[in-house]
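Remarks on the structure that follows.
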Amino acid sequence: KQQKKKKYGNFRFADSWDIVLIIVGTVMAIINGAKIPISFIVFGQLIDVFILNSRTSYPVVFSLISDLTSVRNSTLQDEMRGYSIAYSIFGLSALVSAFFQVSLWTLAAGRQIKRIRSLFFRRVLQQEISWFDVNETGDLNTRLSEWVTEVHLNQTCKHGGATYSHRSS
């Protein structure tokens, strides 16, 4: 006899596809959370370039060193172009990773909620007639709705945003 391995916790109704969605969504959350510290490092390097350039670009006599300042300014412009491209890539990757973080966690939660509702419906249909005399229809719907809402909020808000909110606190 094979014993089924019981799953407990928030993911007991998750199938293998839901687990894949959750893992990829978590990886996207980690990528999204790692962007802020990396962005601070790049911004610090950008400030260093400004400081180093300001120390060396004060010409004593403008007419004698005008060619040197134009060379320095073009170098500064080239470096700033690189930083602006880096920040554009950061912004685009933050948009994509945040979208997939939220979308995949929400999709996994929605699939599990659908599975919970169908299991509940099957179990209700399997009950004997006397069970319906004891339990009111509105009471069952209210409990199911509250439980489904709790599962959805628990998986999307708490787990899906845990990596992102963890780094910002």
Quiz item: In Å and rounded to the nearest 0.5 Å, what is the CZ to CG distance from Phe100 to Leu95?
Solution: 10.0 Å
Quiz item: Crowded around Arg117 CZ? As in, over 12 foreign heavy atoms under 6.0 Å?
Solution: no
Quiz item: Passes side chain to side chain contact (heavy atoms under 4.5 Å, CB included), Trp105 versus Thr26? Steps please.
Solution: CA-CA 8 Å; Trp105 272 94; Thr26 302; 3.2 Å; yes
Quiz item: Is Ser97 close to Lys35 at the side-chain level, that is, under 4.5 Å between some pair of heavy atoms?
Solution: yes
Quiz item: Once you round to the nearest 0.5 Å, how far does CD1 of Ile23 lie from CG of Leu104?
Solution: 11.5 Å
Self-check item: Nonpolar side-chain network containing Phe121, other nodes, edges under 4.5 Å
Solution: Leu125
What donor-acceptor contacts under 3.5 angstrom involve side-chain atoms of residues 36-48, with partners at least two apart or in another chain?
none

Quiz item: Could you go step by step and tell me if Arg111 and Asp15 meet the side chain to side chain contact (heavy atoms under 4.5 Å, CB included) rule?
Solution: CA-CA 9 Å; Arg111 288 171 46 90; Asp15 61 2; 3.1 Å; yes
Self-check item: Gap separating the CG atom of Asn32 from the OG atom of Ser93, nearest 0.5 angstrom
Solution: 8.5 Å
Quiz item: Quick check: does any side chain N or O of Thr106 sit under 3.5 Å from a backbone N or O of Ser103, one acting as donor and the other as acceptor?
Solution: no
Quiz item: Side chains of Arg123 and Gln126: do they bring a donor and an acceptor to under 3.5 Å?
Solution: yes
Quiz item: Could you give the distance from OG (Ser118) to CD1 (Ile113), rounded to the nearest 0.5 Å?
Solution: 12.0 Å
Quiz item: Rounded to the nearest 0.5 Å, how far apart are OH of Tyr87 and CG of Leu92?
Solution: 16.0 Å
Quiz item: Under 6.0 Å from the CD atom of Glu128, do we count more than 12 heavy atoms belonging to anything else shown?
Solution: no
Quiz item: Would you call Val49 and Tyr83 a side-chain contact if the rule is heavy atoms closer than 4.5 Å?
Solution: yes
Practice problem: Report yes if the side chains of Arg115 and Asp18 come closer than 4.5 Å at any heavy-atom pair, otherwise no. | Solution: yes
Exercise. Answer whether the closest heavy-atom distance between the side chains of Val96 and Met28 falls below 4.5 Å.
Key: no
Self-check item: Ile30 side, atom CD1; Gln101 side, atom CD - distance, nearest 0.5 Å
Solution: 10.0 Å
